[in-house]
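When a residue number appears, it is its place in the shown sequence, counting from 1. These numbers come from the heavy atoms of this one structure, side chains and all, not from hydrogens, waters or symmetry mates.
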Amino acid sequence: MTNKRPADYVNLSGLAVNVSHNWGTRFSTYEVKFANHADFSIEATNFRDKALENAMQDTTQSGQNNALKICNLKIDDGVKVMKKYFQAEFPLEKNLAVHYIAYGLELNNNGGYSFIKDNERRGQRMAILIAKLSEPNNPFALKPYGLQYWLDVQAEHTAAWANSKEGKGDKTALSRETRAYFDSVNETLRKLSAQIKIDFPKI
């Protein structure tokens, strides 16, 4: 058995399953004090299943994060256009802060007004914006980046943010379980490798 064990979940679990198979089929009479083949075989198989599930969850989480990122770009673009609407609607006003605030924008760290990056806060502020756009005779409601645009983006953001939060929670629990299997299997493989060197020094 090589001294260089894989550091990632999938490859180490594959090695563990392979070792378990060889131990059971080729060296079924070999015994060590710190582990037995039956238990190790079950643990190796469980570890492989969790490692593959963990890898699939990584892919899913990446997709969820990308969907949220794209939605937030739409929000940022929409805010930029809305600010241009304000400038065109109130050309004689030098300070448009009162209008920005009325539509849910907040003062950011750069001294400008926007929807800050926190997704919970963004959801709350979009609700204010939509409520304002929904008022009778709102001058921006029927514009390309008006009420319908923000209703669509709000629905998209709500779904993407919910999926992202759910995925993170599931991923955290799965990662803990997979890590526990990794630590246990890796330690058994380490001890087994050391014991084989003692028992079979010429190999």
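- Within 6.0 Å of the CG atom in Leu73, the count of heavy atoms belonging to other residues, nucleotides or ligands exceeds 12.
- With a 4.5 Å cut-off on side-chain heavy atoms, His37 and Ser20 count as touching.
- Side-chain contact of Asp49 with Asn46: a donor-acceptor pair under 3.5 Å is absent, judged by distance alone.
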Where do Phe200 and Tyr30 land on the ring pair (Phe, Tyr, Trp, His ring centres under 6.0 Å) test, with the steps shown first? CA-CA 11 Å; Phe200 307 97; Tyr30 183 63; 5.6 Å; yes
Would you mind writing out the side-chain donor-acceptor pairs for residues 78-89 within the sub-3.5 Å range, not counting sequence neighbours?
residue: Lys83; atom: NZ; partner: Tyr113; partner atom: O; Å: 2.9
residue: Tyr85; atom: OH; partner: Tyr145; partner atom: N; Å: 3.3

Assess the residue pair Glu106 and Ser114 against the criterion (side chain to side chain donor-acceptor pair (under 3.5 Å)); give the C-alpha distance rounded to whole Å, side-chain angles, the decisive distance to 0.1 Å, and a yes or no. CA-CA 5 Å; Glu106 295 183 271; Ser114 63; over 6 Å; no
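- For the pairing with Tyr9, the side-chain contact (heavy atoms from CB on, under 4.5 Å) check across Arg48, Glu53, Lys50, Arg179 returns one residue only, Arg179.
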Could you go through Arg125 and Asp118, starting from their C-alpha distance and side-chain angles, then the distance that decides it, and tell me whether this counts as salt bridge (charged side-chain N to carboxylate O under 4.0 Å, His left out)? CA-CA 11 Å; Arg125 290 290 159 166; Asp118 180 80; over 6 Å; no
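- Aromatic ring centres of Tyr103 and Phe115: separated by at least 6.0 Å.
- A donor-acceptor pair under 3.5 Å is formed between the side chain of Asn108 and the backbone N or O of Gly112.
- No more than 12 heavy-atom neighbours from other residues, nucleotides or ligands sit within 6.0 angstrom of CD on Glu31.
- Shown here is Asp183, whose CG atom has more than 12 heavy atoms of other residues, nucleotides or ligands within 6.0 Å.
- At distances below 3.5 Å, at least one donor-acceptor pair connects side-chain atoms of Asn163 with backbone N or O atoms of Ala159.
- Relative orientation of the Phe90 and His99 rings is parallel, given thresholds of 30° and 60° on the angle between their planes.
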